[in-house]
Trainee: 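Below: one structure in structure tokens.
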Amino acid sequence: MYALALIRTFQAGLKSLRLHKLRSGLTMLGMIIGVGAVIALVAIGEGASHDAQEEIRALGAKNVIIRSIKPPSMREQMHGDWESFFRRWMAFYGLKRTDATRIKDTVPGVSRVLPMLTKRMNAVHDRREVGCQLIGTFPYYPEFTQAEMVAGHFLNTAEENTKASACVISLSLAERLFAGHNPLAEEIVVRGYESEQVFQVKGILRERADIEKLPQLPGSMGQTIAANVYIPLSTFKSLYGERNVDRSVGNLVLEAVELSEIRVEFDTVEDVLPALPLIDEALKAGRDERDFEIVVPIQEMVALRNQKARDTRMLLYIACISLLVGGIGIMNIMLATVTERTQEIGVRRALGATRLNITVQFLVETLLLCLVGGAIGVSGGWAFAEFREFLTGDSTIVKAWSVIMAFGLSVLIGLVFGLYPARRAAHLDPIEALRHA
Amino acid sequence: MADRNIIEIRNLTKIYDLGAIQVPALKGLNFEIEEGSYTAIMGPSGSGKSTLLNILGCLDRPTAGAYILGNDDVAHMSDKELSGVRGARIGFIFQSYNLIQQLNVIENIHVPLFYQGKDISDYYDHCEKLAQKVGLGDRLDHRPMELSGGQQQRVAVARSLVNEPLMLLADEPTGNLDSTTEQEILDILDELHAEGRTLLVVTHDDAVAERASRVIHLKDGQVDKDIRKQDSDRKSENQFQEA
Ligand SMILES: Nc1ncnc2c1ncn2[C@@H]1O[C@H](COP(=O)(O)OP(=O)(O)OP(=O)(O)O)[C@@H](O)[C@H]1O
Ligand SMILES: [Mg+2]
């Protein structure tokens, strides 16, 4: 019986809101904008963070990436003396193969270590020449980087053991060098400053877009080299020596780096963070300058998650403020409505309505304003998010919690800001109210 | 006619306390209203007619004295209890009709029942019969705005009957109507009286008072005159008027 009476009250509330469509609409506007903003902003934020997390996951949550960088002493201004000139001109620094083995041996929880050597070269095939990056690495490179074979196979153990002149090229290089025809089993020439080597193409690799930027030569940071040629590490070493000397023509710098990058894979994600000091320890041995940097995807993931939590909190504050403003607007209109309908209130009281009946009636009307406003806001925000995704291609994710929270807040606002006008209506003196013109 | 009393008031007093001054509006009234009677309350402006009617209608409480409605002392009831009494036992007819604008005829008639917890779907026929009784059977879904003053007051009369009240209270029910419409409404009230309903009407208008079986004159918050007419007298007067 009570339920039915409440339903009737809601129906009556809808009726009186429909009576003043424009006013109801304008009253709800604050609510609509507030709720819509929450839904849309949360969806965009979630989408952006989802994309970023995907990128980091592609780097491998179980991985730690150690890269050679130029130590501070080689980056400082030249002093004019021969030693400083020589140090800059002929720079020996960076990770060594012994670092890789020491990490593998001393750090617990390490399952595999992937050393990488890189060198800037040119790839030549049939009169086409494309600048490329030559990478010497182990057969399990694709698993580490979640790269995917498009054709053929990646370098295998046999090729590694025999120092074979085999190579795998990246998809974009294949497209540029072979222009349509099948590169498999074809030969390419890798030409450097003072060397020229022939390799047979065994496979084509599609890298994760973001990975391609990573195995870059020190000093060429920020420059995207999408054209990669992978050869066995053993081949690389036997062809180009223990020390990888990179001569950049033009700026006359001679750099020698033994390993440009070491990737460390752990058994489980949990092993990663506790092992970081040990990795540092292992690398500190035998160097007096820090000539490497450590990238920890899992740490970035945590940082990202924290950043996201901060952003979300920020959004919630903004949402709460805008909903508060919307709520005050609604309260204002409801107070005006109560004044305007004073006589109706008196009549209802004379006809048997208790104070509670009147309170519920006006509370329901406020609640309806908020709920309808909330519903329009949710659909508007949702539509905006979808539209943005359609336009920009960035993913947007409408979170269930944001919808529930927006609705919950609307109801809360309705209750809080509806209560005062409703109680004011209920506590009008029936006689005074009846006399009100 | 030794009917049972519907209303008994003893030493009924109302003093409006305005802080600095106190305005005595009713100064110790005593009378009874019998079941089935038709009483007019008259008196000059400011004599306390509306104040009395508000107390009798349980919209207000007396400052002192007793008010027995039916068998209950309602002078000391809480606001919630008074709401219940108003909704269940009293039918109000106002000078300015006081229909609810966003509701149609049938919904307006139903309003008192809603506050008695009775749903419109169960009482639609009942409300429709009342609408037909006051001659608005063909206007059920009209809004008050679409009705004339007389028609609105008919709806108000139907609404006052919907909860089968102990008595009907009307404050200047024809005050806003022209004389022909006034006659129509008064005829309906006569009809209700004939059915045995108890009517209490505040009025300035002798035409209204003529139809009542009893006229209580108030003056300065006291009963000035209390005139009971024989039923037969009243009827013959009516016949004379209509002829
Ligand atoms: N709310 C109030 N506060 C103070 N005094 C009031 C109030 N209501 C009525 N009064 C006073 O009580 C007295 C009786 O008023 P009431 O309205 O009952 O007169 P009435 O007989 O209905 O007059 P009218 O014929 O003009 O309607 C008047 O002196 C009036 O000023
Ligand atoms: Mg009056």
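Nothing here was measured: the structure is a model prediction, and the numbers come from that model.
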Trainee: Top residue by heavy-atom pair count (under 4.5 Å) with chain A, among B/Ser83, B/Gly57, B/Gly87?
Mentor: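 Top option by heavy-atom pairs under 4.5 Å: B/Ser83.
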Trainee: Within the distance-only criterion (no hydrogens, no angle test), does the side chain of B/Arg86 pair as donor or acceptor with the backbone N or O of A/Arg349 below 3.5 angstrom?
Mentor: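 Yes; judged by distance alone, with no hydrogens or angles, the pair exists.
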Trainee: With A/Leu351 as reference, evaluate B/Val162, B/Ile90, B/Val111, B/Asn108 under the side chain to side chain contact (heavy atoms under 4.5 Å, CB included) test and give the passing residue.
Mentor: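 With A/Leu351 as partner, B/Val162, B/Ile90, B/Val111, B/Asn108 yield a single side chain to side chain contact (heavy atoms under 4.5 Å, CB included), made by B/Val111.
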Trainee: With a 4.5 angstrom heavy-atom cut-off, is it the side chain or the backbone of A/Arg18 that approaches chain B, or both, or neither?
Mentor: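 Contact with chain B: none, neither part.
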Trainee: Nearest 0.5 Å please: distance from the CG atom of B/Leu82 over to the OG1 atom of A/Thr354.
Mentor: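 The CG atom of B/Leu82 sits 12.0 Å away from the OG1 atom of A/Thr354.
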Trainee: Between A/Ala353, A/Pro430, A/Ala12, which shows the greatest number of heavy-atom pairs under 4.5 Å with chain B?
Mentor: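 Sorted descending by pairs with chain B, the first entry is A/Ala353.
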Trainee: Which answer fits B/Leu113, side chain, backbone, both or neither, if we ask what part of it has an atom under 4.5 Å from a heavy atom of chain A?
Mentor: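 Neither part.
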Trainee: When you look at OH of B/Tyr123, are more than 12 heavy atoms from neighbouring residues, nucleotides or ligands closer to it than 6.0 Å?
Mentor: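 No, the 6.0 Å shell around OH holds no more than 12 heavy atoms from other groups.
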Trainee: Side chains of A/Val347 and B/Phe92: does their closest heavy-atom pair fall under 4.5 Å?
Mentor: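 When only atoms from C-beta onward are counted, B/Phe92 and A/Val347 do not touch, as no gap falls below 4.5 Å.
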Trainee: Is B/Asp60 close to chain A through its backbone or its side chain, or both, or neither, when contacts mean heavy atoms under 4.5 Å?
Mentor: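 Both backbone and side chain.
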Trainee: Quick one: what part of B/Ser96 sits under 4.5 Å from any heavy atom of chain A, side chain, backbone, both or neither?
Mentor: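 Only the side chain of B/Ser96 comes within 4.5 Å of chain A.
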Trainee: Check whether more than 12 heavy atoms from other residues, nucleotides or ligands sit under 6.0 Å from atom CG of A/Asn306, and answer yes or no.
Mentor: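 Enclosed.
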Trainee: More than 12 foreign heavy atoms under 6.0 Å from CZ of B/Arg143: is that the case here?
Mentor: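 Yes, CZ of B/Arg143 has more than 12 neighbouring heavy atoms, counting only those of other groups under 6.0 Å.
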Trainee: Could you measure the distance from the OG1 atom of B/Thr51 to the CD1 atom of A/Ile431? Nearest 0.5 Å is fine.
Mentor: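 Answer for the OG1-CD1 pair, B/Thr51 versus A/Ile431, is 8.0 Å.
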Trainee: Mind checking the CZ-OG spacing from A/Arg8 to B/Ser121? Nearest 0.5 Å is all I need.
Mentor: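 Atom-to-atom, A/Arg8:CZ and B/Ser121:OG are 5.0 Å apart.
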Trainee: Could you give the distance from CG (A/Leu4) to NZ (B/Lys118), rounded to the nearest 0.5 Å?
Mentor: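 Separation between the atoms: 14.5 Å.
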Trainee: Determine whether more than 12 heavy atoms belonging to other residues, nucleotides or ligands lie under 6.0 Å from atom CZ of A/Phe387.
Mentor: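 Atom CZ in A/Phe387 is not crowded, with 12 or fewer foreign heavy atoms closer than 6.0 Å.
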Trainee: How far does CG of A/Leu434 sit from OG of B/Ser50, to the nearest 0.5 angstrom?
Mentor: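 The OG atom of B/Ser50 is 11.0 Å from CG of A/Leu434, to the nearest 0.5 Å.
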Trainee: Do you know which of B/Asn98, B/Ile100, B/Leu99 makes side chain to side chain contact (heavy atoms under 4.5 Å, CB included) with A/Glu344?
Mentor: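 Exactly one candidate clears the test, B/Ile100.
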Trainee: Would you say CZ of A/Phe407 has more than 12 non-hydrogen atoms from neighbouring residues, nucleotides or ligands within 6.0 angstrom?
Mentor: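 Atom CZ in A/Phe407 is crowded, with more than 12 foreign heavy atoms closer than 6.0 Å.
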Trainee: Under a 4.5 Å heavy-atom cut-off, does chain A meet the side chain of B/Arg89, its backbone, both or neither?
Mentor: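 It is neither, since no heavy atom gets under 4.5 Å.
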Trainee: Measuring heavy-atom distances to chain B, does A/Glu432 have an atom under 4.5 Å in its side chain, in its backbone, in both, or in neither?
Mentor: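 Contact with chain B: none, neither part.
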Trainee: Drop me the distance from A/Lys15's NZ to B/Glu107's CD, to the nearest 0.5 angstrom.
Mentor: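 Going from NZ on A/Lys15 over to CD on B/Glu107, the span is 3.0 Å.
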